[in-house]
Amino acid sequence: MIKLIRGFRDILPGDVELWQDIEAKARVLLENFGFREIRLPIMESTDLFSRGIGTDTDIVEKEMYSFPDSKGRGQTLRPEATASVVRAYIEHGFAGSDPVQKFYTIGPMFRHERPQKGRYRQFYQINAEMYGVASPLADVQIMYMLHLFFTGLSVPDVVTHVNSLGCPECRPKFRDALTAFVSDKTDRLCSDCQRRAKTNPLRVIDCKVPGCKEAVEGAPSIQDHLCQDCREHFEAVIKGLDNLSVPYEINPRLVRGLDYYTRTTFEVQTSLLGAQNAVAGGGRYDGLVKILEGKDTPAIGFAIGFDRLAALLGAEEKDFTVPPPLFVAALGAEAQKIAFDWLCAFNAKGLRAEMDYEGKSLKSQMKQANRFRVGHVLILGETELQNNKAVLRNMDTKEQVEVALDGLVDQVIALINQG
RNA sequence: GUGGGUGUAGCUCAGUUGGUUAGAGCGCCUGGUUGUGGCCCAGGAGGCCGAGGGUUCAAGUCCCUUCACUCACCCCA
């Protein structure tokens, strides 16, 4: 048997209804906030990601699905969406018409990691990106929107963590301070952190190993190293969140794995998904457009982990199938012909109806109708043909009413719609 | 890439110190009702016991290898 490749998954009927519901709500919300959909390819030049995300990141170092095309040019299944949106923003000259643009996009991302709970090699994201606004109002609006989305879906157990990572002015200073702090403690750190102390000291203060936690107690905080502008920006964001009553926790140790983030970063976390606690994450990336050879443009955005969100919302219920309202049961070849015509008419008129195509016994058809969890069964046999009246059975109350064959389809639709 | 756990029917799982045709519940099909679902009863279909090799008179069971799933590390959505 040919099976799914590792880390990939099927989203089956019964679950997919939940996904559709989430997606529909996301679209309404995003569009109400002025975000417009942009549909992008899932494959891009490898350079886009290595330059955009940063060559030292885990994503670029070891997680990308990259392979050469027939002429040897590197191409990659996108590991995230932001770089692609920026590419499109630059390539189509949006900055020339109006630098302020808001986009959203929904689709699959690919990362070659070891799969585990809440982590797949193909996973889905809902992304929102906003360009051309340096004001903290953009940060506030983005986070407010995210907050509305999660509360609107009644997502259980989520907390939004906020931090500022500073800018190219102040972050290096913080990094230096941190490196200095960590360098004389390397012997107390785990092997991973000894490596990270050089490559990415920010990660060390985020380490969960008890020895490391102890060693980094009293480490310098980014919050104490922000430059004047970054500090004011962060304070304005926090004030804005308070104004709109958006709950949050300031988390000075919130570090993000992509190089392009500046200033505001945030992550929506849950404790219900095992080790993968981030349901959504994002932040400001004021330098990225320029890095990718566009005009220097501030930007901010977020990604919602669709798979994880669906897991949170689907934890209780298992089957999101919506039952059809009607099943058409026919007895005998003559009746089946007519029943099939009705079926087609019901479907064409927007009433979801089902029938048995095999000429099974009435009992068997009733069982099937019951399995569909339909509200009504329309029965047509020889008796009904003779009387020119079919029988409409309410499956909950067991009440049966006769419906004249003449004009039956509309009559049945009316009966079902009135309950 | 590194560890732990698990692989037996469509699903959830039993399967004794190795012992004949491998079981249950749910689901599915048929019947009990010459035309009425859920409950009940009876019957039925459905398994290369993850794969390969080894030990043995004999392997679902013991050994080795491998693959898959899963959880965790790392990192992130």
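Numbers restart at 1 for each chain; the letters A, B, ... are given by sequence-line order, proteins then strands.
The base of B/G38 lies close enough to the side chain of A/Lys398 for a donor and an acceptor atom to sit less than 3.5 Å apart. Evaluation of atom-type donor-acceptor distances gives no pair under 3.5 Å for the side chain of A/Gln365 against the base of B/U36. Not a single donor-acceptor pair, N or O on each side, falls under 3.5 Å between the base of B/G1 and the side chain of A/Glu113. In the interface, the side chain of A/Arg393 is paired with the base of B/G37 through a donor and an acceptor atom under 3.5 Å apart.
Using Watson-Crick or G-U wobble geometry with both donor-acceptor distances under 3.5 Å, B/G31 finds its partner in B/C41. Base-pair partner of B/C26: B/G10 (Watson-Crick or G-U wobble, both distances under 3.5 Å). The partner of B/A72, taking Watson-Crick or G-U wobble pairs whose two distances both stay under 3.5 Å, is B/U2. Shown here, B/U56 forms no base pair; nothing in the strands shown gives a Watson-Crick or G-U wobble contact with both key distances under 3.5 Å. Applying the Watson-Crick and G-U wobble criteria (two distances, each under 3.5 Å), B/G18 pairs with nothing in any strand. Base pairing of B/A77 is not made with any nucleotide, judged by Watson-Crick or G-U wobble geometry with both donor-acceptor distances under 3.5 Å. When both pairing distances are held under 3.5 Å, B/U66 makes a Watson-Crick or G-U pair with B/G50.
Between A/Glu63 atom CD and B/C75 atom P there is a gap of 10 Å when expressed in whole angstrom units. Spacing between atom CG of A/Leu331 and atom P of B/U36 amounts to 9 Å, rounded to whole angstrom units. Distance, A/Glu334 CD to B/G35 C1': 17 Å, rounded to whole Å. Atom C1' of nucleotide B/G50 and atom NZ of A/Lys3 are separated by 7 Å, given to the nearest angstrom.
Residue A/Asn163 is tested with A/Arg253, A/Gln223, A/Glu267, A/Glu249 for a side chain to side chain donor-acceptor pair (under 3.5 Å); the sole match is A/Gln223.
No engagement by A/Phe306 is indicated, since no non-hydrogen atom pair under 4.0 Å with the nucleic acid exists. Nucleic acid contact class of A/Asn277 (heavy atoms, under 4.0 Å, all strands): base.
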* To do: In sequence, state the C-alpha distance, the side-chain angles, and the governing distance for A/Lys25 and A/Asp21, and then conclude on salt bridge (charged side-chain N to carboxylate O under 4.0 Å, His left out).
  => CA-CA 6 Å; A/Lys25 285 177 174 151; A/Asp21 182 54; 3.2 Å; yes

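Taking only side-chain nitrogens and oxygens, A/Arg114 never comes nearer than 4.0 Å to OP1 or OP2 of B/C71. At the phosphate of B/C71, neither OP1 nor OP2 sits under 4.0 Å from any side-chain N or O atom of A/Gln116. Considering only side-chain N and O atoms, A/Gln276 lies nowhere under 4.0 angstrom from the phosphate OP1 or OP2 of B/C75. Distances shown here put every side-chain N or O of A/Arg119 at or beyond 4.0 Å from the OP1 or OP2 atom of B/A77. Within the structure, a side-chain polar atom (N or O) of A/Ser364 is placed less than 4.0 Å from OP1 or OP2 of B/U30.
The side chain of A/Thr383 sits closest to B/G35 out of B/G38, B/A72, B/G35. Comparing B/A77, B/U36, B/C28 by their closest approach to the side chain of A/Ile379 singles out B/U36.
Evaluation of A/Phe123 against the base of B/A77 yields a stacking contact (centre distance < 5.5 Å, interplanar angle < 30°).
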